[in-house]
Student: 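Structure in structure tokens, see below.
These numbers come from the heavy atoms of this one structure, side chains and all, not from hydrogens, waters or symmetry mates. Treat the numbers as computed from the prediction; the structure is a model and nothing was measured.
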Amino acid sequence: MTEQDLIRLLATGYAQCKAVAIDNGATIGSLFIAGLAGSVSHCIGMCGPFVLSQVTARLQGLPAAGMTEMHRLRGAALAPYHLGRLTTYMGLGGAAALLSGGIIAHTGFKYLAAALLVFAALFFLGYAARSLKIPLPTFAAIGPAGSAGYLGRLTRPLLDRPTGWRGYGLGLALGFLPCGLLYGALAAAASTGEALGGIFAMAAFALGTVPALLAMGLIGHMAAARWKSLMTWVGPVLLLVNAGFLLILAWRII
């Protein structure tokens, strides 16, 4: 392969990625907001202990005398862990979108994408309702019983030294934690009907969850709890708006 062939290949790939991102821009943006809003009310409680355990384990290996703000920042960033979660979410999103696209192509059921968007909206409505103490049905608790505990036991050896490939492996494994918010995001990602669209959508969702977890790693559990209390109303409202937006997308498809 010549240099010109490589350039043409890269240009073609870039053009395809750009087209998919534009075509699915509404879903991608919606899932970023869902990750951002949902992480405040949910991810801090569910994934926060894993984040704090990693930060503590990372900083324990450094001498107190040589500790700098950069060390603390790097310890709290947990880049390998978040990269691992990003990889799992993108893989799940691509697989879900590929499956839904195949179903639509072989059955001609063109309303599947709309049904998936409605399904995602119901999950987000359930989370918002629970946070606002509104007595509405919620799918947030759906998930295999004991899966979280099993994954916790499975990944415990990785928590001893959660750096490099261990941190990445931990993120890969914990990306499979049963979570209604994740199920809703996957349903929305599957509505794109193409693997690349699902990958981009779940990448946006994963990136949306990072700020809250990064804040927890930087300022600790107690400070994060105070910040969470400030966002008690903002997060659910954003999820409600997001659910409404997904329903509008579903209506347009119909």
Student: Is L10 close to L6 at the side-chain level, that is, under 4.5 Å between some pair of heavy atoms?
Tutor: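 Yes. Closest side-chain heavy atoms under 4.5 Å.
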Student: In Å, rounded to the nearest 0.5 Å, how long is the span from CD1 of I199 to OG1 of T192?
Tutor: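 Reported to 0.5 Å precision, the distance equals 9.5 Å.
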Student: Taking atom OG of S191 and atom CG of L186, what is their separation to the nearest 0.5 Å?
Tutor: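 The distance works out to 11.0 Å.
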Student: For residues 23-31, please give each side-chain donor-acceptor pair under 3.5 Å, one per line with the distance, not counting sequence neighbours.
Tutor:
{"from": "N24", "atom 1": "ND2", "to": "V20", "atom 2": "O", "distance (Å)": "3.0"}
{"from": "N24", "atom 1": "ND2", "to": "E194", "atom 2": "OE2", "distance (Å)": "3.2"}
{"from": "S30", "atom 1": "OG", "to": "N242", "atom 2": "OD1", "distance (Å)": "2.6"}
{"from": "S30", "atom 1": "OG", "to": "N242", "atom 2": "ND2", "distance (Å)": "3.2"}

Student: Could you state the interatomic distance from CG (L9) to CG (D5), rounded to the nearest 0.5 Å?
Tutor: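 Going from CG on L9 over to CG on D5, the span is 8.5 Å.
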Student: If you link ILVMFWY side chains whenever their heavy atoms are less than 4.5 Å apart, which other residues fall into the same cluster as L207? By chain and number, please.
Tutor: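 F32, L36, which link up through side-chain heavy atoms under 4.5 Å apart, make up the rest of the cluster.
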Student: Would Y111 end up clustered with L99 when hydrophobic side chains under 4.5 Å apart are linked, directly or stepwise?
Tutor: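 Yes, one cluster joins them.
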Student: Could you list all the side-chain hydrogen bond (donor to acceptor under 3.5 Å, both in side chains) pairs where at least one residue sits in residues 114-125, not counting sequence neighbours?
Tutor: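 Not a single pair qualifies under side-chain hydrogen bond (donor to acceptor under 3.5 Å, both in side chains).
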Student: Between CZ of F205 and CZ of R85, what distance do you get to the nearest 0.5 Å?
Tutor: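 One finds 8.5 Å between CZ of F205 and CZ of R85.
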Student: To the nearest 0.5 Å, how far apart are OG1 in T87 and CE in M202?
Tutor: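 Going from the OG1 atom of T87 to the CE atom of M202 covers 12.0 Å.
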Student: Give the minimum heavy-atom separation between A189 and G93, together with the two atoms involved.
Tutor: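 Smallest heavy-atom distance, with atoms named: CB-CA, 4.5 Å.
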Student: Ignoring hydrogens and angles, write down the donor-acceptor pairs under 3.5 Å from the side chains of residues 171-182, residues two or more places apart or on other chains.
Tutor:
none

Student: Please round to the nearest 0.5 Å and tell me the distance separating atom CG of L83 and atom CG of L86.
Tutor: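 If I round to the nearest 0.5 Å, the distance is 6.0 Å.
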Student: Taking atom types as modelled, is there a side-chain donor on T209 or Y89 under 3.5 Å from an acceptor on the other?
Tutor: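 No donor-acceptor contact under 3.5 Å links the two side chains.
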Student: Cut-off 3.5 Å, no hydrogens considered: what does the side-chain donor-acceptor table look like for residues 112-126, sequence neighbours left out?
Tutor:
none

Student: Which side-chain hydrogen bond (donor to acceptor under 3.5 Å, both in side chains) pairs, counting each pair once, include a residue from residues 113-125, with sequence neighbours left out?
Tutor: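 The answer is none; no pair qualifies.
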Student: Do M90 and L98 share a hydrophobic cluster, counting only Ile, Leu, Val, Met, Phe, Trp and Tyr and linking them when any side-chain heavy atoms are less than 4.5 Å apart?
Tutor: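 M90 and L98: separate clusters.
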